[in-house]
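This one's a predicted model, so the numbers in the text were calculated from it and none came from an experiment.
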Amino acid sequence: MTFNTQSDQPSPSEALPDVLMRIVSELHDVAYLIERIEPQLLELGGGAAFLNSPESMKVMQGIDLAVQKTRGLAEFIDTITGEIPQSWVVDVATALSLVKLSEMQRALGGGMRHGHSQPLNKAAGDFDFF
């Protein structure tokens, strides 16, 4: 069995700073969408009484943390993008293929990510010193 990895069309290459700025824009959009969940939860949960439950507070803190992390990533990428020459290009098709492959691998492996994400059994805002 043989696989032909070459196509007749050149792979789409784009300037890395342009790609990163699109990612920054998407991250800001994600932060905004996550942020919109809070008022809807309060409305569905009965207003201020919703916040009396410790579990509800953990959910609200988790939403706040997700927004902060998303905005932080966007700002970090935005900051480093200013240092990257416009002449640097990235093969977008290859990059997206690698993302899809890693998603498939994670799905087939049970979907758990270890070592670089906050465990789900911790309350939002909890942290460990190294």
Exercise for the section: Please check if Ile77 and Val89 belong to a single hydrophobic cluster, counting links between Ile, Leu, Val, Met, Phe, Trp and Tyr side chain heavy atoms closer than 4.5 Å. Expected result: no

Problem - From Arg106 atom CZ to Leu108 atom CG, the distance as rounded to the nearest 0.5 Å - result: 11.0 Å

Fill in the blank from the handout: Distance col, row His28:NE2 vs Asp78:CG, nearest 0.5 angstrom, shows 6.5 Å

Handout entry: Stepwise side-chain contact (heavy atoms from CB on, under 4.5 Å) check, Leu42 with Met60
Key = CA-CA 9 Å; Leu42 286 174; Met60 298 303 272; 3.9 Å; yes

Practice task
Rounded to the nearest 0.5 Å, what's the gap from CG on Leu16 to CD1 on Ile84? Could you check?
Solution key: 4.5 Å

Contacts table for residues 32-41: side-chain donor-acceptor under 3.5 angstrom, sequence neighbours left out:
from	atom 1	to	atom 2	distance (Å)
Glu35	OE1	Arg71	NH2	2.9
Glu35	OE2	Arg71	NH1	3.3

Problem - Ile23 side chain near Leu20 side chain, heavy-atom distance below 4.5 Å - result: yes

Problem - Minimum-distance pair of heavy atoms, taken over all atoms of Ala93 and Pro12 - result: CB-CD, 3.8 Å

Handout entry: Glu83 atom CD: more than 12 heavy-atom contacts under 6.0 Å
Key = no

Handout entry: Counterpart residues, side-chain hydrogen bond (donor to acceptor under 3.5 Å, both in side chains), relative to Arg22 (two or more places apart)
Key = Glu14

Practice task
Can you measure from NZ (Lys69) to CG (Leu27) and round to the nearest 0.5 angstrom?
Solution key: 13.5 Å

